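Notes follow the structure.
Being a predicted model, the structure only gives us computed values, none of them experimental.
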Amino acid sequence: MKPELEKRIVRTPDGQEFEVDPLRDYYCEAAPTVMPAAYGKIVEDLFNWARSQSLWILGFGTGCGAIEMRPLMTPRFDAYRYGVQWRPTPRQANLFIISGYLSTKTLKRAIRSYEQMQNPKYVVGLGSCTINGGMYWDSYNTIKCLDQYLPVDLYITGCMPRPEALLQGFEDLKKLIRAGKCEGANKYSENFDWYKANQKQVIHDWDMPDYNW
Amino acid sequence: MRELYQRLQSLFVLGELTEQRANLFFITVEKDRLRPLITHLRDREGLRHLVLLTAVDWLEEGQFQLTYLLCDRLTRRDLGLRVMLDRANPVMESIHDLWPTAATYQRELREMFGIDFPGSPRLDEEFILEGWNTTPPYRRDFDTLEYARSQYAERAGRETRDPETHMRAQLYPESN
Ligand code: SF4
């Protein structure tokens, strides 16, 4: 456990003392819950259409594939015209692109970031490394199958996929969202224990709350 | 370079010499003779730049080899110093006071090979790995493939082909 997560007594400037238990006080203890569709089909379809038109990506690059996201921000490929843009914080993003191999160290950060994103949220795995390990299949430090640890909505193949493939991937993701098939966040809540068990199997020094919301 | 070697030979006890190129030599030295030699090279011979400090695992011989590569930028020559350590008890004197950057290399070697450098700053902190709990991964007796198989879930259906035979069959089918 990291020292900053341990229980401690804090003194306020005016002399009061109180106990802080960061895991309980700074984080939500409750596991995520499934959020069923709130309205009827027609309204939900409208919502999904709207959602599909604003894919806000968390600017978090994990492997070599992250380099292919940069050209998308430039005039040549210009992903913004498709309603896709990059955000600096998980709170503002709804699409998490795992852009390549994920070492267990990065996986830890990826999980924290994913859990901090607002619902509805989507995960796209980029490149063969996220699918079956790619050329890092025999590495001592990278996971080989992303959907064991995070709920993946779509994979884009290639090593590494070109920006055009990414644009195509966004369009496919939009179709899935409009069809109401991107229920990753709910899947994550439903199988929360399974995901946590898988995550803890590879992350040996689990020094964070179980749910980082 | 020869001339440097001869000068060193009159001052220090040196081991085996390998002349890789005209401007790249390697010299083996005893573990506790490294420090005076490397200090001399840095201060008197102009080999001021520590290019790298790395290790080789000679599993069969039961030894670790440390290589200290020094460079003299003005005359464009490199000199590597090799030190052999006992693999069962790999401890080496730290040189972080000569080159502060050495501390980083030493942290890495500590984590990846399990070589100890007593007194080196932040040596016991995690460097790249987090929560590593078995044999240091760069040791040759660490079975990477086996570890990857047992640790990380796999997706069924992955095929592996030998690139050479596969591409030959693809590009030159008649040659088979
Ligand atoms: S799939 Fe290829 S490009 Fe992508 S992270 Fe893996 S090795 Fe790098």
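- Residues of residues 126-137 of chain B placed with any heavy atom under 4.5 Å of a heavy atom in chain A are listed by number as B:Glu126, B:Phe127, B:Ile128, B:Leu129, B:Glu130, B:Gly131, B:Trp132, B:Asn133, B:Pro137.
- For A:Lys121 and A:Phe96, the positive end is not near the middle of the six-membered ring at less than 6.0 Å and at most 45° from its axis.
- Residues B:Gln106 and B:Ser120 have side chains that bring a donor and an acceptor to within less than 3.5 angstrom of each other.
- A:Thr104 touches chain B through its side chain: at least one heavy atom from C-beta onward sits under 4.5 Å away, while N, CA, C and O do not.
- Both the backbone and the side chain of A:Gln201 come within contact range of chain B, with heavy atoms under 4.5 Å apart.
- Residues A:Arg87 and A:Gln92 come closest through the heavy atom pair NH2-OE1, 2.9 Å.
- For A:Phe192 and A:Tyr188, the ring centers are positioned less than 6.0 Å apart.
- Scanning residues 67-74 of chain B against chain A with a 4.5 Å heavy-atom cutoff picks out nothing at all.
- For A:Tyr82 and A:Phe170, the gap between ring centers reaches or exceeds 6.0 Å.
- With salt bridges taken as basic N to acidic carboxylate O contacts below 4.0 Å, none links A:Arg8 and A:Asp21.
- In this structure, chain B has a heavy atom under 4.5 Å from the backbone of A:Thr142, while its side chain stays farther away.
- For B:Gln63, there are no side-chain hydrogen bond (donor to acceptor under 3.5 Å, both in side chains) partners two or more places apart in sequence or in a different chain.
- Between the side chains of A:Gln168 and A:Asp172, at least one donor-acceptor pair of N or O atoms lies under 3.5 Å.
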Exercise answer: donor-acceptor pairs, residues 122-138 of chain A side-chain atoms, under 3.5 Å, sequence neighbours excluded:
unit_1: A:Thr130; atom_1: OG1; unit_2: A:Gly127; atom_2: O; d: 2.8
unit_1: A:Asn132; atom_1: OD1; unit_2: A:Gly134; atom_2: N; d: 3.1
unit_1: A:Asn132; atom_1: OD1; unit_2: B:Arg158; atom_2: NH1; d: 3.2

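- A 6.0 Å sphere centred on NZ of A:Lys181 holds no more than 12 heavy atoms belonging to other residues, nucleotides or ligands.
- Ring centers of B:His40 and B:Phe12: under 6.0 Å apart, within the cut-off.
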